[in-house]
K.L.:
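Handing you a structure now.
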There are 2 protein chains.
Amino acid sequence: MATRTDAPTRREQILKEAARLFAERGFHGVGVDEIGAAVGISGPGLYRHFAGKDAMLAELLVGISGQLLTGAKRRLAEADGGPAGAVLDSLIEGHIDFALDDRPLITLHDRELDRLRDSDRKLVRQLQRQYVELWVEVLREVYPALAEPAARSAVHSVFGLLNSTPHLGRPGSLPGRTATAELLHRMARGAFAAAGGDAAPYG
Amino acid sequence: MATRTDAPTRREQILKEAARLFAERGFHGVGVDEIGAAVGISGPGLYRHFAGKDAMLAELLVGISGQLLTGAKRRLAEADGGPAGAVLDSLIEGHIDFALDDRPLITLHDRELDRLRDSDRKLVRQLQRQYVELWVEVLREVYPALAEPAARSAVHSVFGLLNSTPHLGRPGSLPGRTATAELLHRMARGAFAAAGGDAAPYG
DNA sequence: GAAATGCGTTAACGCTCATTAACAAAGGTG
DNA sequence: CACCTTTGTTAATGAGCGTTAACGCATTTC
């Protein structure tokens, strides 16, 4: 992977701050002046970099969905041929990394989708659907007894579990990133196993 | 339980429709005229029943949190003395019922909290905290090896899992309410078991 | 060195939208 | 019947906010 050492461009600064603010107070709850102030320029100055407020949200949401899907495809290709369980583990790991590193984006992802123009929304939904289907296929390889509708529900539910990171308190009240990632991973596996039919008795 | 047979009061109609609309398009995305139209009156007519738009949201959110907490306390009292696993099952069942029956409220619950006046927000957060702590205590009874921070994270994550119902598609694409409830219940148990230290191997 | 371009600024416009004012009709109550 | 309360209505108000206009100033480019 190529690590960038150059300074972030102004566009990137804006997107990052906009994501944070949108996640904190919602798309409608944030004014362009605020976004501008967060990067040290005035509200209307943003229009040199984006067509409008909507455009920022669109770029963020399309970017998120695309990034998730691309990462998943890569992991699938890398681990192909290996045991299906390992592929599922890899998918889980990737999603957790994203959820822990980009909490604001995770929040936006299922909160502000409706605010998009039709075409953008369709694109995002399509990317999301592909991402889900990819998980469903891997999951059903691991648990062949699982019917497709149940598998899809299970995948959505595990996304809910993994995307709970924004509710986990600020990073500091957490037992450390590694421990949190491991806990989430174990829980996701446990949830899938239970959905797949394995007994999960108490005690 | 007393089942009401009388017609819903106008206040209740308004709250129900407001909840649905807020969940669909967000607090700021819905106008008072729309809420009014949904119950057959005009926008300003709402002010005969509520002090303002904010008041509707506040009453909804406080109501949700209170309802969840009250229900959990009742279940705890009913099942007290029995095995801790059964109490946990009862809590899960209650939360699932709520998540499946009142999807819009579940959505609002963690989406629009910041829009509240300080006092209301504090109240809601306090109710939420009590609800979480109640789960944490029961969970640690079932899995004594689980440290408190991990238990709290696990509870939040399972809430994420159970609250994923709004993403599960309209009731119709689902394999039926009962089956969905059972699936969610099994997954929640499996996730807790995995968090608690039980092995959850693949295959 | 002049012109174009990139990146800001502040002021003004226009629209949306919550809220309030002013008024009306129905129904109970003395 | 007269009166008050309840529950509406439509019109007006006023604030907030996204967007555009008009302008300034480095920096690059020919």
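Naming convention: chains lettered A, B, ... in sequence-line order (proteins, then strands); numbering from 1 in each chain.
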K.L.:
Within the structure shown, what part of the strands sits under 4.0 Å from B:G52 by heavy-atom distance: base, sugar-phosphate, or nothing?
P.N.:
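B:G52: backbone/sugar contact only, no base atoms under 4.0 Å.
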
K.L.:
Got B:R10 and B:R48 here, is their nearest side-chain heavy-atom distance under 4.5 Å?
P.N.:
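Not in contact.
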
K.L.:
What I want to find out is whether A:E78 reaches A:R74 closely enough, with some N-O distance under 4.0 Å, to be called a salt bridge.
P.N.:
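Here A:E78 pairs with A:R74 in a salt bridge, since their nearest N and O are under 4.0 Å apart.
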
K.L.:
At under 4.0 Å between heavy atoms, what does A:V39 touch on the DNA or RNA strands: base, sugar-phosphate, or nothing?
P.N.:
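The answer is nothing, as A:V39 stays clear of every strand by at least 4.0 Å.
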
K.L.:
Identify the 5'-most and 3'-most nucleotides of DNA chain D with at least one atom closer than 4.0 Å to a non-hydrogen atom of chain A.
P.N.:
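Boundary nucleotides touching chain A, in 5' to 3' order, are D:dG18 to D:dC23.
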
K.L.:
Is a donor from one side chain sitting under 3.5 angstrom from an acceptor on the other, for A:S119 and A:R117?
P.N.:
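Yes, side-chain donor-acceptor contact under 3.5 Å.
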
K.L.:
Is A:R177 close to A:D101 at the side-chain level, that is, under 4.5 Å between some pair of heavy atoms?
P.N.:
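The answer is yes, as the side chains (C-beta and beyond) meet within the 4.5 Å cut-off.
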
K.L.:
Taking only N and O in the side chain of A:R10, is any of them less than 4.0 Å away from OP1 or OP2 of C:dG8?
P.N.:
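Yes, such a contact exists.
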
K.L.:
Can a donor-acceptor pair be found, under 3.5 Å and without considering hydrogens, that links the side chain of B:T165 to the backbone of B:A99?
P.N.:
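It does hold such a pair.
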
K.L.:
NA contact type, A:G31, heavy-atom cut-off 4.0 Å: base, sugar-phosphate, or nothing?
P.N.:
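Sugar-phosphate only.
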
K.L.:
Which whole-number value in Å describes the distance from B:R117 CZ to C:dA18 P?
P.N.:
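Result: 18 Å.
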
K.L.:
Between A:A51 and B:G40, name the one whose nearest nucleotide on DNA chain D is closer to the 5' end.
P.N.:
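First, find each residue's nearest nucleotide; the 5'-ward one identifies B:G40.
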
K.L.:
Would you indicate whether the side-chain heavy atoms of A:L105 and A:H109 approach each other to under 4.5 Å?
P.N.:
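No, side chains not in contact.
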
K.L.:
In whole angstrom, give the distance that lies between atom CZ of B:F50 and atom P of C:dA18.
P.N.:
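That distance rounds to 15 Å.
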
K.L.:
Rounding to an integer number of Å, can you tell me how far B:I41 CD1 sits from C:dA24 P?
P.N.:
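It is 20 Å, rounded to the nearest whole Å.
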
K.L.:
Between B:K53 (NZ) and C:dT20 (C1'), how many Å, whole number?
P.N.:
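Atom NZ in B:K53 sits about 17 Å away from atom C1' in C:dT20.
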
K.L.:
Rounded to whole Å, how long is the line connecting atom OH of B:Y47 with atom C1' of C:dT19?
P.N.:
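Nearest whole value for this atom pair: 5 Å.
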
K.L.:
Report the residue (B:D54 or B:R48) whose heavy-atom-nearest nucleotide on DNA chain C is the more 5′ of the two.
P.N.:
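Here B:D54 is the residue nearer the 5' end.
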
K.L.:
Less than 4.0 angstrom from a charged side-chain N to a carboxylate O is my criterion; do A:K16 and A:E12 meet it?
P.N.:
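Between A:E12 and A:K16 there is no salt bridge, as every charged N stays at least 4.0 Å from the carboxylate O atoms.
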
